[in-house]
Amino acid sequence: NAGVTQTPKFQVLKTGQSMTLQCAQDMNHEYMSWYRQDPGMGLRLIHYSVGAGITDQGEVPNGYNVSRSTTEDFPLRLLSAAPSQTSVYFCASRTLAAPDTQYFGPGTRLTVL
Amino acid sequence: KQEVTQIPAALSVPEGENLVLNCSFTDSAIYNLQWFRQDPGKGLTSLLLIQSSQREQTSGRLNASLDKSSGRSTLYIAASQPGDSATYLCAVEGAGSYQLTFGKGTKLSVIP
């Protein structure tokens with residue numbers, strides 16, 4: 001199993017550009033989520049999904065869109081990047097069938113100039 | 001709104017020492033509490049998960065305790081090693097939500 005994979009590892013954008021951060025998992029997990037990690041702020045939940053076709057907002061959803069068309073994939077879209085979105089982004093997944101931890105991907109480091 | 005606090009923010013100890021990391025949370029209506037490890041530039045690795053009905057969990061040199069009524073958890077690391085140097089994050093899962101609320105972490109340095 002590859003676990004949770006994220007691409008790209010690094011990205012530099014200019015203000016106003018759009019991009020999609022990719023996340024995939026091969027563990028057949030129902031629950032997937034996106035977090036951002038900023039110095040002094042800890043990890044904060046952006047969006048999450050409990051299954052294909054179902055998404056919901058977390059603590060800091062503004063400026064981000066998500067969709068979940070398959071169990072495996074959960075892309076995060078930045079429609080018009082802003083410097084405030086400079087951060088490290090982590091995707092995570094877990095099963096809902098039993099009490100379980102969340103499995104995290106390696107992260108995407110995004111810089112918006 | 002759930003808030004999770006970790007004390008201290010940073011800790012430096014000589015190799016071989018036993019140490020305790022602290023985590024507190026404001027809302028006792030949790031499903032579980034989890035401890036993660038994060039190495040620089042890497043993702044999070046799960047260390048221990050304590051369900052709300054449990055008092056502690058152990059894995060090797062690690063022992064985590066949970067006192068839900070007082071909103072506190074501790075992570076005890078025995079006989080620390082330089083390889084234990086990392087940031088340790090505490091997170092609570094809200095009852096019925098699947099969402100994790102994280103503390104800001106404790107950065108541990110174990111000096112050879």
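A, B, ... follow the sequence lines: proteins, then strands. Residue 1 opens every chain.
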Taking donor and acceptor roles from the modelled atom types, list the N and O pairs under 3.5 Å across chain B and chain A.
{"residue": "Lys1(B)", "atom": "NZ", "partner": "Glu59(A)", "partner atom": "OE2", "Å": "3.3"}
{"residue": "Gln34(B)", "atom": "OE1", "partner": "Thr101(A)", "partner atom": "OG1", "Å": "2.7"}
{"residue": "Gln38(B)", "atom": "OE1", "partner": "Gln37(A)", "partner atom": "NE2", "Å": "2.9"}
{"residue": "Gln38(B)", "atom": "NE2", "partner": "Gln37(A)", "partner atom": "OE1", "Å": "3.0"}
{"residue": "Ser46(B)", "atom": "OG", "partner": "Thr101(A)", "partner atom": "OG1", "Å": "3.2"}
{"residue": "Glu93(B)", "atom": "OE1", "partner": "Arg94(A)", "partner atom": "NH1", "Å": "2.8"}
{"residue": "Glu93(B)", "atom": "OE2", "partner": "Arg94(A)", "partner atom": "NH1", "Å": "2.9"}
{"residue": "Tyr98(B)", "atom": "O", "partner": "Tyr31(A)", "partner atom": "OH", "Å": "3.4"}
{"residue": "Tyr98(B)", "atom": "O", "partner": "Gln102(A)", "partner atom": "NE2", "Å": "3.2"}
{"residue": "Gln99(B)", "atom": "NE2", "partner": "Tyr48(A)", "partner atom": "OH", "Å": "3.2"}
{"residue": "Lys104(B)", "atom": "NZ", "partner": "Gly40(A)", "partner atom": "O", "Å": "3.1"}

With hydrophobic residues grouped by side-chain heavy-atom distances under 4.5 Å, do [X] and [Y] end up in a single group?
{"X": "Leu49(B)", "Y": "Leu33(B)", "answer": "no"}
{"X": "Leu21(A)", "Y": "Leu45(A)", "answer": "no"}
{"X": "Val88(A)", "Y": "Val4(A)", "answer": "no"}
{"X": "Phe90(A)", "Y": "Met19(A)", "answer": "no"}

Between CG of Leu43(A) and CG of Leu100(B), what distance do you get to the nearest 0.5 Å?
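So the CG of Leu43(A) and the CG of Leu100(B) are separated by 9.5 Å.
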With sequence neighbours left out, write down each residue that passes side-chain contact (heavy atoms from CB on, under 4.5 Å) with Ile54(A), or none if nothing qualifies.
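Testing Ile54(A) for side-chain contact (heavy atoms from CB on, under 4.5 Å), a comparison that skips the adjacent residues, returns Val50(A).
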Suppose we screen for side-chain contact (heavy atoms from CB on, under 4.5 Å). Which residues come up paired with Val20(B), at least two apart in sequence or across chains?
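With sequence neighbours excluded, Val20(B) shows a side-chain contact (heavy atoms from CB on, under 4.5 Å) to Asn22(B), Thr74(B), Tyr76(B), given in chain and number order.
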Not counting sequence neighbours, list each pair that qualifies as a disulfide bond (SG atoms under 2.5 Å apart) and has a residue in residues 50-85 of chain A.
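For residues 50-85 of chain A: none.
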Let's test your reading of the structure: which of Gly107(A), Pro39(A), Gly40(A) forms the most heavy-atom pairs below 4.5 Å with chain B?
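Maximum pair count with chain B is reached by Gly40(A).
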